[in-house]
Trainee: 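Handing you a structure now.
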Amino acid sequence: MAAFASELGTWNHAGYTSGPQCDSCIAMNGTELLSAHCPCCGEPIDLIVDTSLAEQDYTEDCPVCCRPMLVQVRVLDQDEITLDIRPEND
């Protein structure tokens, strides 16, 4: 099994060990990498969401400002995913 290591981290197609995941690993695991902006600080962020669930609501801290965000994901079909992010204290 091939593995890749760099200053960004280490990953392989059987397991993610550290650093950012590659797009092909994300697609293979039933997840999607979605880009958005933090509702608190406005910085661009990437979220890895599980596309095997039709609906999910969870709290995740912004990787930039560390403030909690409420994340709502709806998978309408494999080609359409809705993402709503708002501050936890909204």
Side-chain angles (χ1 to χ4, degrees):
M1 175 184 334
F4 177 80
S6 76
E7 67 278 355
L8 298 176
T10 303
W11 61 266
N12 62 41
H13 289 282
Y16 171 63
T17 57
S18 68
Q21 288 186 330
C22 70
D23 290 337
S24 60
C25 291
I26 292 169
M28 288 174 38
N29 293 327
T31 59
E32 283 285 328
L33 179 66
L34 301 178
S35 296
H37 286 86
C38 172
C40 301
C41 68
E43 291 293 323
I45 57 171
D46 289 329
L47 298 172
I48 298 173
V49 298
D50 182 354
T51 56
S52 68
L53 302 171
E55 297 182 4
Q56 53 188 312
D57 299 309
Y58 61 93
T59 301
E60 183 168 331
D61 290 341
C62 171
V64 178
C65 70
C66 300
R67 289 185 230 156
M69 309 174 292
L70 295 176
V71 179
Q72 183 181 65
V73 180
R74 301 292 178 258
V75 179
L76 306 174
D77 60 46
Q78 288 190 339
D79 295 329
E80 188 174 353
I81 300 170
T82 63
L83 176 66
D84 181 48
I85 305 173
R86 55 185 160 235
E88 183 180 54
N89 300 323
D90 194 22

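Numbers here are sequence positions counted from 1.
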Trainee: For the atom pair CD1 (Ile45) and SG (Cys40), what is the distance rounded to the nearest 0.5 Å?
Mentor: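 The SG atom of Cys40 is 9.0 Å from CD1 of Ile45, to the nearest 0.5 Å.
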
Trainee: Could you tell me which non-hydrogen atom of Arg74 sits nearest to which non-hydrogen atom of Glu55, and how far apart they are?
Mentor: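 The pair with the smallest heavy-atom distance is CD-CG, 3.3 Å.
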
Trainee: Provide the closest heavy-atom pair for Tyr58 versus Ile48 in the form atom of the first, atom of the second, distance.
Mentor: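 Result for this residue pair: OH-O, 4.4 Å.
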
Trainee: Establish whether Leu34 and Leu53 are linked, either directly or via other cluster members, by ILVMFWY side-chain heavy-atom contacts under 4.5 Å.
Mentor: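 Result: no, two separate clusters.
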
Trainee: For residues 61-73, dump all side-chain donor-acceptor pairs below 3.5 Å to protein atoms at least two apart in sequence or in another chain.
Mentor:
from, atom 1, to, atom 2, distance (Å)
Gln72, NE2, Asp57, OD1, 3.4

Trainee: Would you name the heavy atoms of Ala36 and Leu83 that are closest together and state the gap between them?
Mentor: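 Reported closest heavy-atom pair: CB-CD2, 4.0 Å.
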
Trainee: Can you list the residues that meet the side chain to side chain donor-acceptor pair (under 3.5 Å) rule with Thr59, with sequence neighbours excluded?
Mentor: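 Residues passing side chain to side chain donor-acceptor pair (under 3.5 Å) with Thr59: none at all.
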
Trainee: Would Asp46 and Ser35 count as having a side-chain donor-acceptor pair, cut-off 3.5 Å?
Mentor: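 Result is yes, a qualifying pair exists.
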
